[in-house]
Every structure is written in C-alpha cells, then in structure tokens.
There are 2 protein chains.
Amino acid sequence: MATARDVARKAGTSTAVVSYVFNNGPRGVAPATRQRVLAAARELGYRPNALARSLSSGRTRSIGLIVPDICNPYFAELARAIEDAAGTTGNLLLIADSALSADQERRHTRSLIDRQVDSVVLVSVRDEPDLREFFDAGVPVVALHPLSDRRLASSITIDYEAAAQRATEHLLAHGHRSVVLLNGPVESTGARQHRAGFDRAVAGAPGVRSRMVRSEISRHHAAEVAQELLQGPDRPRAVYCTTDEQAFGVLYAAHRSGLSVPADLAVVGFDGTRNCLVSIPALTTVQQPMEAMARRVVEILADRTVLEEPVHEVLGFEFIARDSSGGPAPG
Amino acid sequence: MATARDVARKAGTSTAVVSYVFNNGPRGVAPATRQRVLAAARELGYRPNALARSLSSGRTRSIGLIVPDICNPYFAELARAIEDAAGTTGNLLLIADSALSADQERRHTRSLIDRQVDSVVLVSVRDEPDLREFFDAGVPVVALHPLSDRRLASSITIDYEAAAQRATEHLLAHGHRSVVLLNGPVESTGARQHRAGFDRAVAGAPGVRSRMVRSEISRHHAAEVAQELLQGPDRPRAVYCTTDEQAFGVLYAAHRSGLSVPADLAVVGFDGTRNCLVSIPALTTVQQPMEAMARRVVEILADRTVLEEPVHEVLGFEFIARDSSGGPAPG
DNA sequence: TTGTAGGCGTTATCAC
DNA sequence: GTGATAACGCCTACAA
C-alpha cells in the first residue's frame, strides 16, 4: 500500500503538501503542485490510511448506532434513514445490535467508545443506559426515545403520551368497551408515557374496562401473550400495542384464534414501519417521523456543543387509521 | 484519557511491559510487575487506544458485513447469527447496508477497506461484486451466495438449484399445473441456479405450464408484481419465490385479490426467516442453515490462509412444508 | 508556498 | 525479565 511519503517522493514534494492536498487545507497548495500530487497519488493508487488519520486527528468520521434489535424492521428502517441523512458527509454508520440484551448493549457501548466513534445514536433496551460512560469519554449521544436523565445526553422523540392517548381514543370512538394496552417488557420512561396516555383516554370514557399486559418487543412473544389473552376469559375487543411488531404478533394470534380483525378485534400499532401497509389486514398505527428524526440527529451531532448542552426535541407524529382498527373513527 | 505511558510511569516500568501485560505477550512479565501494572491501570482507568493499537499491529479486530438490505429480516437474522458466532472473540461486526444499491455497495466496499477491517462477509446486490478490490487490499472475503468468479473470494452457500427443484416438485406433487417462479430482479449466478432447479422440476412433469417473473427482493415490489400476475389472464395456481420477503408480498397480493392461500394459490418462500412461523398463513420455505453458515464463516475467516486459497462450501438446506402450500405433499 | 519535524498511542525488536 | 526506541502513517505547528 502506497503511503503519503511515497506520493510525496514521486511528486517531488513533502508529506505535508500531500496532506494539504488531500484535506484541502489547512494550508493552500500551488495549482501545479496539487496536480503533481494528484497525478502521483493516482499512479500509485494512494488511499490515505484512515487509522493513521484518526489517530492523528482525533476524529474517526464514524457514527455509532445502537439499536435494541436489528431484526425489528423499525430499527432497520431507522438505520437506513440515519445512513441516508449522514451518508453524504463521508461518515460511516456503525450499526450495533443489542439483540434485546442489556449485556450486549453494554459491550457495544464499550466497543464504540474504544473505537472512538465521533458520536452515538442510541436506542436503548434499558431505562438507564450508560450515558455517563459516553459522557466521560467525550462522545456526544442522541437518544431516540425519552430519557430518564436528561443531563448527559440529548434526545429526539415524539410525545408517547399524546400518541397513546390519540390511539386509544380512536379505539374508544369505535365503540369498544374493553381495551388492552400491550406495553413493553419492563418499566421505563417510554413505557410510563404510553401507559399515562392510555389511562387518560380510558378515564375519559366511563364504563370502559381496561388493562395492561407486557410483552417483549417481538412478534413471536407478543403472539404468545396475545394468544393467551384472546383465549382467556373476558376477551378484549381492542388492543393498543406500543410497537408494530407486537401488533403483528397480535394479528397472528387473532388469526390462530379464529378471530377476524377488525370485526372481532381491533388492533393498533406504533412506529409506522412499511410493513403496516402490507400486513393482513393493513395496520393502523402511530407513524414516527423517521426521516425528520434522522435529519435532526445528524444536524445535532454535527454541532459539537451538544456534549455540554444536551438538546431535547419533541417532534410531531401522525396517527394513521387503517383496516386493522376498522378505519377512521365515526364522527 | 490515560495512556500506556502514564500507566508505565505510575507502575515504575516501561510501556513495553504495559503492552506485554495487556496482550499476554509476546514476552512474559514477572507476577509482581504484572500486578503493579494492573493496579496502576485500574487506578488511572486506562483503556488501550484501539486506533493506535490497530495502526501498530495492522489488525483492527473487526469484521465487515455487507448486506443488500438490512430491512429484510433474513439479512438482519444473518447479521445476528454472525455476531453471535464471532462475538465471543472480541471482534466487532460492522454492519453495512447497501440499501439495494450497487453504488452504495461500492461505497461500503471502499469504506471498509479504508478502515482496514480484518475480513469481510459479503452478500452482494450484484453478480460481480468488487472482489478484486478486497483481494488487492489483502482483505479475505467470504460470500454467502454462489459466486461467478471463485478465485478471489471464498463462499458458503446452499445448493440453490437443488432447493428450487425440491420446492417446485413439492408444488407439483400437490397437483398444481400452472406454476410461476418469482425470481430476483436481475440475472445472477444465484438467479440462474434457482431457474435451473425450477425448470428441471417442471421438465419432469409433463403438461405443466410455467413461467418466470422478476421482482425486487422486497415485500412491496413483490406484492405489486404478484397483484398484476394474479389479476391478469391465466392466473397461476402456485408460486415459488426466491426469498421469503417476496413470498410475503405474494401472500398480501393474494389477500388483496380475494384469493385464499393455499386453497386458490400455493406459495413457497426461500430463506427460512422466523417470520415464516407467524405469517398468515404460515409460510412453506427452504430453510437456510444460518447458524451453521455463521459458524463456518467465522472459522474460515479465522484461518488467515483463505486469502490465497479460497474455500467453497455447500451446506445442506431443509425444506419445510407449512400451510401456505397446503402442508406436506401427498404421498 | 513548501519543507522539517514532533506527536498521536501502540507494538515489537533489540539490547541489557 | 525489562527498558529504550524505532516503526505504524498521518497531521500540523513552525520555520524557511
């Protein structure tokens, strides 16, 4: 592999000038010299060594993305959106999959810090991720969900409480008197907000029976939980799920239980993955503004002051009524 | 951030010894010295700088994984399996998503080479990926599909032709006389193998009408293509799809067309993603041996001689008959 | 405008 | 068993 020294020698100049050419600075280079350098580099097939460059400059031009479960299309789509938003800048997005394991998330946290990513986009499996570690290492973090501690990292999220309330009211407006909240597996800031919104909607509709059930954020586990729910006593008439994947699990469970959606059971999801459009039936959901989130994430991380002054933004969501809940509510 | 120099100073020794301690070699260290070094490191919160380490050692302890589409669960599950297989070795898996774009794949190729990943696992969107680039850079590659040029990289795959034949024969055994092969979007070694297996099966069943249709490897595009197929003249009775995602698109199209699966249309997929178990109806498919592939990939890449002597392995697959094709064939 | 040289933090060779 | 010290390849302050 050719090095800057080789190029300099061939172009009859110094490594400093080669560096100036390839970085467009910090010093200017005479046009003729620049041409000689570029020609030499092309001939030798020179490519700057990213490792050496990073070691020297202190920047790796890479962004870490930690997601709870890459097999969940929401996170895959999120990764795609972030890469699209960041891609043009020559930054590499390192996707780290926690596989729904807090331990794995911890390992990735270490690993990304050790590899000195310039910044991190985090979707945690825990309510209290290791923000301190990132902070101490000088790595700015933007979380894509509500945070219990807002001092060590930034966040971009939607108002889960408002979204949950909107979704639940939709189900109630369809006249359903027995509703279930299918929440995430553990207590967390986000889970609490879902519950608060759900409860508030129910409180506004006298005589409605409601309860909360928990499940992993996976189609399979949600299907199991839902199966039990649907075949047990006091079968609910409607379910609000805190992720699309859980909702798909519920659709499957309904199918297996011989129930028709939405005739026997109304289902609403949350995330707005593309699969909602091709599920059977099409899924009513809360659409997260993935592209806007991705854009803002990249913008925020480009501003190096966020480490000291975290930013917290709440973006708008869109509620989309489709077949799985019987379409738009009457009235 | 504390450096090895700081640790050495505090422990009253040299950076060389610190290095020996943290790498368990290549020289031994006296027990007492080792303890002093470890104590000093702990006190200072020392963590070796991965960049400097890589620059010096020439190894980054990272594996690049290039997938065509991270939003396709098959590739996400593959990533998970590879990470599981490699994870224990302290290696980081860098997941690069080509987003079904050859340009993007090219960019990732460059990027991973520049970042000096130790090796690459490749699932290409093209029939002729840039194997030469990797080879010239000294980066061993294992592809997880058949390769048109087997000299520059290794491959681990299943026998697509045999699998396609098996799947098609299954459909024919159910008595269907009009079958369609829903293949990938472009001609490629893999696509040719699927077609060969499909054709061979059809050739063995006189009087069967067959044709091939192409679609992107995505649920949505497959749904569009299938919609046209199912509502056009001479509607097929059975479809063999070269990926599960395409098959799910066909299921959706059938649903939209008012057709019942498998009563009106039999569908078979390929990949064996977990979603096959919770689709409506459950999907008959060719199960790829993901865990075994992942294990072999990691083993092969651990053996540094593969660069000069590529290895090509064909693993076994399993055909799994489920509801979407009417279950096991009679007889 | 360009060259020299020190530094980034490790690793590993070579003496002692 | 351990300590200097020269790489690894690049960046950039400083000097010219």
Side-chain angles (χ1 to χ4, degrees), chain A residues 1-41 44-62 90 111 113-118 137-138, chain B residues 1-41 44-62 90 113-118 137-139:
Chain A
M1 206 70 243
T3 72
R5 183 189 231 87
D6 300 327
V7 175
R9 189 153 33 217
K10 186 168 193 106
T13 180
S14 70
T15 61
V17 170
V18 173
S19 171
Y20 299 154
V21 169
F22 275 85
N23 296 301
N24 288 318
R27 297 273 169 284
V29 174
T33 315
R34 156 171 266 113
Q35 288 315 314
R36 287 210 316 282
V37 168
L38 289 175
L44 296 171
Y46 169 69
R47 303 252 290 273
N49 181 318
L51 252 32
R53 181 184 281 216
S54 297
L55 179 59
S56 178
S57 69
R59 297 188 46 212
T60 54
R61 300 188 142 283
S62 59
S111 200
I113 290 175
D114 283 347
R115 278 154 209 275
Q116 291 170 261
V117 291
D118 295 336
Chain B
M1 206 69 241
T3 71
R5 184 191 231 85
D6 299 328
V7 175
R9 189 152 34 213
K10 186 166 193 109
T13 180
S14 71
T15 61
V17 172
V18 174
S19 172
Y20 299 154
V21 169
F22 276 85
N23 297 302
N24 289 319
R27 297 272 170 287
V29 175
T33 316
R34 156 172 264 110
Q35 288 315 314
R36 287 211 316 282
V37 168
L38 290 175
L44 295 172
Y46 169 70
R47 302 252 288 275
N49 181 319
L51 253 30
R53 179 181 282 211
S54 298
L55 179 61
S56 180
S57 68
R59 297 186 46 212
T60 55
R61 301 187 142 282
S62 59
I113 290 175
D114 284 347
R115 279 155 207 276
Q116 291 170 261
V117 291
D118 295 336
V139 178

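Here is how names work: the chains are called A, B, and so on, in the same order as the sequence lines, proteins then strands, and each is numbered from 1.
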- Would you indicate, yes or no, if D:dC10 has its OP1 or OP2 atom less than 4.0 angstrom from a side-chain nitrogen or oxygen of A:R5? no
- Look at the side-chain N and O atoms of A:T13 and state whether any lies under 4.0 Å from the OP1 or OP2 oxygen of C:dG3. yes
- Straight-line distance of B:T33 OG1 to B:R36 CZ, nearest 0.5 Å: 5.0 Å
Closer than 3.5 angstrom, by distance alone: can the side chain of [X] be matched with the main-chain N or O of [Y] as a donor-acceptor pair?
X	Y	result
B:S57	B:R53	yes
B:S54	B:R59	yes
B:R115	B:T60	no

Is [X] touching bases, backbone alone, or none of the nucleic acid, heavy atoms closer than 4.0 Å?
X	answer
B:T33	sugar-phosphate
A:V18	nothing
A:S19	base
A:A16	base

Once you round it to whole Å, what is the distance between [atom2] of [N] and [atom1] of [X]?
X	N	atom1	atom2	value
A:R27	D:dA16	CZ	C1'	13 Å
B:L55	C:dG9	CG	P	12 Å
A:R61	D:dC11	CZ	P	11 Å
B:N49	D:dC8	CG	C1'	13 Å
A:R36	C:dG3	CZ	P	8 Å
A:L51	C:dC8	CG	P	17 Å
B:R47	C:dT10	CZ	C1'	16 Å
B:F22	C:dT11	CZ	P	10 Å

- If each of B:S56 and A:S57 is mapped to the nucleotide of DNA chain D with the nearest heavy atom, which maps nearer the 5' terminus, i.e. the 5' end? B:S56
- Query: Can you find an N or O donor on one side and an acceptor on the other, under 3.5 Å apart, linking the side chain of A:Y46 with the base of D:dG9?
  - Reply: no
- Message: Ignoring hydrogens and geometry beyond distance, is the side chain of B:Y20 in donor-acceptor contact with the base of C:dT13 at under 3.5 Å?
- Response: yes
- Query: At their closest point, which heavy atom of B:F22 faces which heavy atom of B:A41, and how far apart are they?
  - Reply: CZ-CB, 3.7 Å
- Query: Picking from D:dG9, D:dT2, D:dC11, which would you name as closest to the side chain of B:V17?
  - Reply: D:dT2
